[in-house]
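Okay, structure first, notes after.
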Amino acid sequence: MFTPQSFAVALAMMVTSAICWGSWANTYKGVKNYRFELFYWDYAVGIFLASLILALTMGSLGHDGTSFIANTRSADAGNIGYALLGGAIFNLANLLLVAGIEMAGLAVAFPVAIGIALVVGVVLSYVLQPKGSATLLAAGVACAVVAVVLDGKAYGSMAGAGRVTSRKSIVTCVVSGVLMGLWAPFATHALTSGNALGPYSISVFLTLGALLSCFIFNLYFMRRPLVGDPVDFSGFFRAPASGHLLGLLGGLIWGVGTVFNLVAANFAGVAISYSIGQSAPMVAALWGLFVWKEFAGAGGKAKTYLALMFLFYVLAIAFVALAH
């Protein structure tokens, strides 16, 4: 299988994962009158397809025991279970994050959920796989958390009227953040314990777990959404082909990012790879700034927050890279 042989290649894959994780949501912006709960079915199929395609190509180079199929056959069943459970946890966290954004707005949801996810994911992954300098990694995580908060401040300064933030929305964001941070330790366990899964195998079972759990979590939120009215599955079949294609594309983008992040983690450690991958909010802000013009006419305060956010993300990536 293909794996990076130098930290420079691994770092390039981590940055690519951040770009993918920060870009996939753009596909939903291109969908009209299509509820996210329905869009999510195509997205879930897309993330699994991306992982499977890369596992059967990049993950199957050569004829040794590290190829995707050989590795899957030799891995402990418990590690496969950890990867499936990690995918289910990610899926629930992602659905809650979207609900949190709709209830509280990006200005609140991103700092709370992604900030918590970053700390939980990195700390627990490092405990399971202590690779790199803990001090430099902690400095990088601290800078990234500051950057996420600044990202929220930038969006918050644009919402002049101010959205009322309910206790329900905060609890949703907190739970999303804790769960979002937990899938990485599950992947770390599967990557490092006993007859371990390789990064491509983990990706396949992680995304398969996410897809299968849609039949529990997504169906539940379709019937009892945290925001809006219940949605019927018939809307999925009435959706235009473009909506389905954009959902698949969004999933493919996220799936590529996840595979690259886990492949890089196989070289540098999950804590380091995950922390750089969680620079995704910076990428999302760049899309909002230059493509969607979300900050058109923004005041000086919003621009200052944005500039500081980019600075702290650059510092975070530098500290984490040095931690290796």
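- No donor-acceptor distance shorter than 3.5 angstrom exists from the side chain of S193 to the backbone of A190, with no hydrogens or angles considered.
- Looking only at side-chain heavy atoms (C-beta outward), M180 and L97 come within less than 4.5 Å of each other.
- Residues I317 and S279 are in side-chain contact: their nearest non-hydrogen atoms beyond the backbone lie under 4.5 Å apart.
- The number of heavy-atom neighbours closer than 6.0 Å to CD1 of I69, taken from other residues, nucleotides and ligands shown, is 12 or below.
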Where do H244 and F39 land on the ring pair (Phe, Tyr, Trp, His ring centres under 6.0 Å) test, with the steps shown first? CA-CA 7 Å; H244 293 299; F39 172 91; 9.7 Å; no

side-chain hydrogen bond (donor to acceptor under 3.5 Å, both in side chains) for S201 and N71? Distances and angles first, verdict last.
CA-CA 7 Å; S201 305; N71 174 245; 2.7 Å; yes

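- The two residues A268 and M14 make their nearest non-hydrogen contact at CB-CE, 3.5 Å.
- Between I170 and V174, some side-chain heavy-atom pair lies under the 4.5 Å cut-off.
- When all heavy atoms of L179 and A93 are compared, the closest pair comes out as CB-CB, 3.6 Å.
- Considering only heavy atoms from C-beta on, F48 stays 4.5 Å or farther from F205 through its side chain.
- Taking every heavy atom of both residues into account, S203 and L262 meet most closely at OG-CD1, 3.4 Å.
- For V227, the side-chain contact (heavy atoms from CB on, under 4.5 Å) partners two or more places apart in sequence, or in a different chain, are E102, M103.
- You'll find the side chain of P230 stays beyond 4.5 Å of the side chain of M222, heavy atoms only.
- Side-chain contact between L61 and S67: absent, with no pair of heavy atoms (C-beta onward) separated by less than 4.5 Å.
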Q: Using the side-chain contact (heavy atoms from CB on, under 4.5 Å) rule, take L124 and L128 through it: C-alpha gap first, then chi angles, then the decisive distance, then the call.
A: CA-CA 6 Å; L124 293 182; L128 292 171; 5.6 Å; no

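- Side-chain contact annotation: S74 with N195, donor-acceptor N/O pair under 3.5 Å absent.
- Looking only at distances, a side-chain donor or acceptor of Q5 sits under 3.5 Å from a matching main-chain atom of T3.
- The minimum heavy-atom distance linking L197 with A75 is given by the pair CD2-CB, 3.5 Å.
- In this structure, S273 contributes its side chain and V270 its backbone to no donor-acceptor pair below 3.5 Å.
- Of the inter-residue distances, the one linking I89 atom CD1 with W183 atom CH2 reads 11.5 Å to the nearest 0.5 angstrom.
- Taking the six-membered ring where tryptophan is involved, the planes of W254 and W21 are essentially parallel, since the angle between them stays under 30° and well short of 60°.
- With sequence neighbours excluded, no residue satisfies side chain to side chain donor-acceptor pair (under 3.5 Å) with T172.
- Residues F217 and Y40 are not in side-chain contact: their nearest non-hydrogen atoms beyond the backbone lie 4.5 Å or more apart.
- Residue-environment remark: NZ (K131) exceeds the threshold of 12 foreign heavy atoms within 6.0 Å.
- Between atom CG of residue L308 and atom CG of residue D151 there is a gap of 12.0 Å, rounded to the nearest 0.5 Å.
- Taking the side chain as every heavy atom from C-beta outward, Y200 and M58 approach each other to under 4.5 Å.
- Note on residues 26-48: pairs passing salt bridge (Lys or Arg N to Asp or Glu O under 4.0 Å), not counting sequence neighbours, are K29-E294, R35-E37.
- The structure places CG of N79 at 11.5 Å from OG1 of T72, a figure rounded to the nearest 0.5 Å.
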Review point. Does the side-chain contact (heavy atoms from CB on, under 4.5 Å) test come out yes or no for F90 and L182, once each step is laid out?
Key: CA-CA 8 Å; F90 156 77; L182 286 178; over 6 Å; no

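- Side chain of Y43 to main chain of L246: no donor-acceptor pair is present (N/O by atom type, distance under 3.5 Å, no hydrogens or angles).
- Under the ring pair (Phe, Tyr, Trp, His ring centres under 6.0 Å) criterion, the residue pairs touching residues 301-324 are F7-H324, F267-H324, with sequence neighbours excluded.
- Smallest separation of non-hydrogen atoms from A302 and S157: CB-OG, 3.1 Å.
- With rounding to the nearest 0.5 Å, the separation of CZ in F215 from CG in N91 is 11.0 Å.
- In this structure, the side chain of D232 engages the main chain of S234 through a donor-acceptor pair within 3.5 Å.
- With rounding to the nearest 0.5 Å, the separation of OG in S176 from CG in N94 is 7.5 Å.
- Here L137 pairs with V122, Y126, A271, I272, S275, V320, A323 under the side-chain contact (heavy atoms from CB on, under 4.5 Å) rule; sequence neighbours left out.
- Of the possible donor and acceptor atoms, none in the side chain of S23 sits under 3.5 Å from a partner among the backbone N and O of C20.
- When all heavy atoms are compared, the tightest approach of Q278 to I114 is OE1-CG2, 4.2 Å.
- Counting non-hydrogen atoms of neighbouring residues, nucleotides and ligands closer than 6.0 angstrom, the CZ atom of F233 exceeds 12 such neighbours.
- With rounding to the nearest 0.5 Å, the separation of CG in L84 from CG in L211 is 11.0 Å.
- Here Y82 pairs with F186, H189 under the ring-ring contact (aromatic ring centres under 6.0 Å, His included) rule; sequence neighbours left out.
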